[in-house]
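First up is the structure itself, then whatever we jot down about it.
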Amino acid sequence: KLDYWWMDAGWYPCKGSWPNTGTWEIDSARYPHGFRPFSDWVHAQGKKFIVWFEPERVGDKESWLAKNHPDWILGGNLLNLGNPDAWHWLVDHIDGMLREQGIDYYRQDFNMDPLPNWRANDTPNRQGMTEMKHVIGYLAFWDELHRRHPGLLIDSCSSGGRRNDLETLRRAVPLLRSDYILEPVGQQGHTYGCAFWYPYFGTGVNSDDPYLFRSALCPHITGCWDMRRTDVSYDGVRKRIAEWRATADLLFGDYWPLTPYSLGDDVWIAWQFDRADLGRGMVQAFRRAGSIYETARMPLRGLDPNARYAVTDVDSGASVEATGHDLMEKGLAVTIPARPGAALVTYRKL
């Protein structure tokens with residue numbers, strides 16, 4: 001079961017190529033009644049609707065913005081959010097689209113390097129002023145959307161994970177932490193690093209293979225299965241999604257790396273998420289394709305040394321009891337026969 005339906009780039013008049021941005025209207029040739037009939041249907045199913053925008057980049061010189069307000073555009077392709085007129089237009093326009101089209105989740109992309117545009121607009125003794133005003137406008141734009149739409153969720157994309165600064169993350173989350181998706185070792189590396197800093201992040205997945213799917217286990221998962229293919233194992237997909245739903249809340253817990261960081265082919269990589277408030281947690285462990293070791297013993301972190309825990313291997317369903325002291329001092333032994341392979345172990349305080 002889906003939670004959201006995601007409409008990504010290309011729904012506006014763009015001459016058949018999504019980078020041709022700058023006209024933020026729904027393509028009437030393809031959507032003669034707009035998104036509303038579809039968003040109403042989605043809402044009737046108890047689901048919500050995500051729509052992609054990229055308002056700062058003006059990629060089409062024949063677009064509405066380029067033709068009607070070249071005075072708002074820096075360097076020919078950057079909408080200047082430090083310009084009050086441009087800012088007010090954008091706020092009102094996007095606000096109107098969210099209301100009229102039944103959009104629940106606003107996704108903002110940014111596929112350009114704006115620094116030359118900003119610098120070229122400043123005199124030598126005023127370098128940085130245009131950039132500062134633009135960034136203030138960008139953050140204020142989101143703040144105003146939040147004010148007008150209490151509870152609105154925002155996804156920060158920015159060419160795949162390039163805008164995850166502190167102020168952005170106060171207002172939005174990266175549903176796609178990087179455009180580098182699907183390849184398992186890279187996904188493991190992303191989680192290992194992102195989990196130190198981001199409370200919520202996501203990636204895409206298109207496999208029901210345990211190693212590939214678990215490598216992409218994040219608070220958010222974008223389903224990238226091609227529904228036109230006849231060889232998709234829907235039973236396998238349901239099994240993995242159910243596994244994710246059963247453990248997703250644990251990803252909000254304290255994060256403990258259990259091995260050093262590595263992208264090497266001959267190692268294990270593992271980490272722990274612990275929800276002390278729930279008395280639950282989990283360990284994810286990955287044996288890479290070139291590792292000769294079947295078993296690793298890893299000391300856990302953050303447990304109550306005096307408590308007993310039920311420790312369960314998700315694949316076999318086998319459960320054993322151990323004290324928090326033993327799990328932290330002697331460690332948790334995890335065996336992965338396959339190369340590559342992944343283990344998912346949960347625990348519960350008794």
Side-chain angles (χ1 to χ4, degrees), residues 1-9 42 47-54 103-111 142 145-146 151-227 236-255 257 261 263 269 271-273 275 282 284 286 342 344:
K1 293 183 179 180
L2 302 178
D3 298 299
Y4 289 83
W5 176 267
W6 182 325
M7 176 69 75
D8 214 71
V42 168
K47 316 302 179 188
K48 294 187 177 182
F49 189 32
I50 302 174
V51 178
W52 177 101
F53 292 82
E54 193 184 0
I103 298 169
D104 305 293
Y105 205 134
Y106 174 79
R107 171 174 169 83
Q108 183 162 324
D109 210 339
F110 193 38
N111 295 290
W142 282 3
L145 289 184
H146 278 137
L152 175 71
L153 299 177
I154 297 178
D155 168 28
S156 171
C157 178
S158 191
S159 205
R162 296 172 184 267
R163 215 178 201 177
N164 292 322
D165 57 88
L166 182 60
E167 290 300 328
T168 294
L169 290 171
R170 290 180 188 275
R171 296 163 171 83
V173 295
L175 294 187
L176 202 65
R177 60 190 177 184
S178 171
D179 281 347
Y180 186 79
I181 61 174
L182 306 180
E183 187 278 311
V185 172
Q187 296 308 299
Q188 295 163 23
H190 288 166
T191 296
Y192 191 109
C194 288
F196 283 111
W197 302 101
Y198 306 172
Y200 193 96
F201 53 85
T203 189
V205 65
N206 68 349
S207 175
D208 66 331
D209 174 81
Y211 183 73
L212 297 176
F213 187 91
R214 290 172 181 172
S215 295
L217 205 64
C218 293
H220 167 84
I221 288 178
T222 299
C224 299
W225 288 276
D226 187 339
M227 310 307 283
V237 172
R238 292 185 190 101
K239 181 178 180 179
R240 294 300 158 212
I241 293 295
E243 182 178 284
W244 169 73
R245 290 194 185 279
T247 57
D249 284 351
L250 304 179
L251 296 167
F252 294 113
D254 292 335
Y255 166 66
Y261 175 86
L263 296 178
I269 193 168
W271 51 79
Q272 171 193 0
F273 285 99
R275 287 289 301 268
M282 71 176 182
Q284 286 184 263
F286 301 91
L344 181 60

> What pair of heavy atoms forms the shortest contact from Gln187 to Ser215, and how long is it?
Replying inline: CB-O, 3.2 Å

> Does atom CH2 of Trp5 have more than 12 heavy-atom neighbours, drawn from other residues, nucleotides or ligands, at distances under 6.0 Å?
Replying inline: no

> Below 4.5 Å, heavy atoms only, C-beta onward: do Pro219 and Phe201 meet side chain to side chain?
Replying inline: yes

>> Could you measure the distance from the CG atom of Leu182 to the OG atom of Ser207? Nearest 0.5 Å is fine.
In response: 9.0 Å

> Are the side chains of Tyr105 and Trp6 in touch, meaning some heavy atoms are under 4.5 Å apart?
Replying inline: no

> From His220 NE2 over to Tyr4 OH, what is the distance, rounded to the nearest 0.5 angstrom?
Replying inline: 9.5 Å

>> Is the distance between the ring centroids of Phe286 and Trp271 under 6.0 Å?
In response: yes

>> If you compare all heavy atoms of Arg177 against all heavy atoms of Cys194, which two are closest, and at what distance to 0.1 Å?
In response: CD-SG, 4.2 Å

> Parallel under 30°, tilted from 30 to 60°, perpendicular over 60°: which one fits the rings of Tyr261 and Tyr192?
Replying inline: perpendicular

>> Just so I know, are the side chains of Asp3 and Arg245 near enough to count as touching, which here means a heavy-atom distance under 4.5 Å?
In response: yes

> Do Leu175 and Tyr200 touch side chain to side chain, with heavy atoms closer than 4.5 Å?
Replying inline: yes

> Which heavy-atom pair separates Cys218 from Gly202 by the least distance, and what is that distance?
Replying inline: CB-CA, 4.0 Å

> Can we say Glu243 and Lys239 salt-bridge, meaning some charged N sits less than 4.0 Å from an Asp/Glu carboxylate O?
Replying inline: no

>> As a quick check of understanding, evaluate side-chain contact (heavy atoms from CB on, under 4.5 Å) for Met7 and Ile103, giving each step before the final call.
In response: CA-CA 10 Å; Met7 176 69 75; Ile103 298 169; over 6 Å; no

> Roughly how far, to the nearest 0.5 Å, is OH of Tyr255 from CD of Gln272?
Replying inline: 10.5 Å

> Is there a side-chain contact between Leu217 and Met282, using heavy atoms and a 4.5 Å cut-off?
Replying inline: yes

> Looking at OG1 of Thr203 and CD1 of Ile221, how far apart are the two atoms once the value is rounded to the nearest 0.5 Å?
Replying inline: 9.0 Å

> Within the side chain of Gln188, is there an N or O that forms a donor-acceptor pair under 3.5 Å with the backbone of Ile269?
Replying inline: no

>> With a 4.5 Å cut-off on side-chain heavy atoms, are Ser156 and Asn164 touching?
In response: yes

> Hey, which of Ile50, Ile154, Leu153, Val51 is the one that makes side-chain contact (heavy atoms from CB on, under 4.5 Å) with Tyr106?
Replying inline: Ile154

> About how many Å separate OG1 of Thr247 and CZ of Arg214, when rounded to the nearest 0.5 Å?
Replying inline: 9.0 Å

>> Working to the nearest 0.5 angstrom, can you tell me the gap between Phe110 CZ and Thr168 OG1?
In response: 10.5 Å

>> Tell me whether the count of non-hydrogen atoms from other residues, nucleotides or ligands lying under 6.0 Å of NZ in Lys48 goes above 12.
In response: no

> Is any side-chain heavy atom of Asp155 closer than 4.5 Å to a side-chain heavy atom of Trp52?
Replying inline: no

>> Within a 6.0 Å radius of atom CZ on Arg162, are there more than 12 heavy atoms belonging to other residues, nucleotides or ligands?
In response: no

> Shortest non-hydrogen contact from Ser158 to Asp109?
Replying inline: N-OD1, 3.2 Å

> Looking only at heavy atoms, what is the nearest atom pair of Phe273 and Gly253, with distance?
Replying inline: CD2-O, 4.0 Å

> Is the closest side-chain heavy-atom distance between Asp249 and Arg275 below 4.5 Å?
Replying inline: yes

> Minimum heavy-atom separation for Asp208 to Gly236, with atom names?
Replying inline: OD2-CA, 3.2 Å

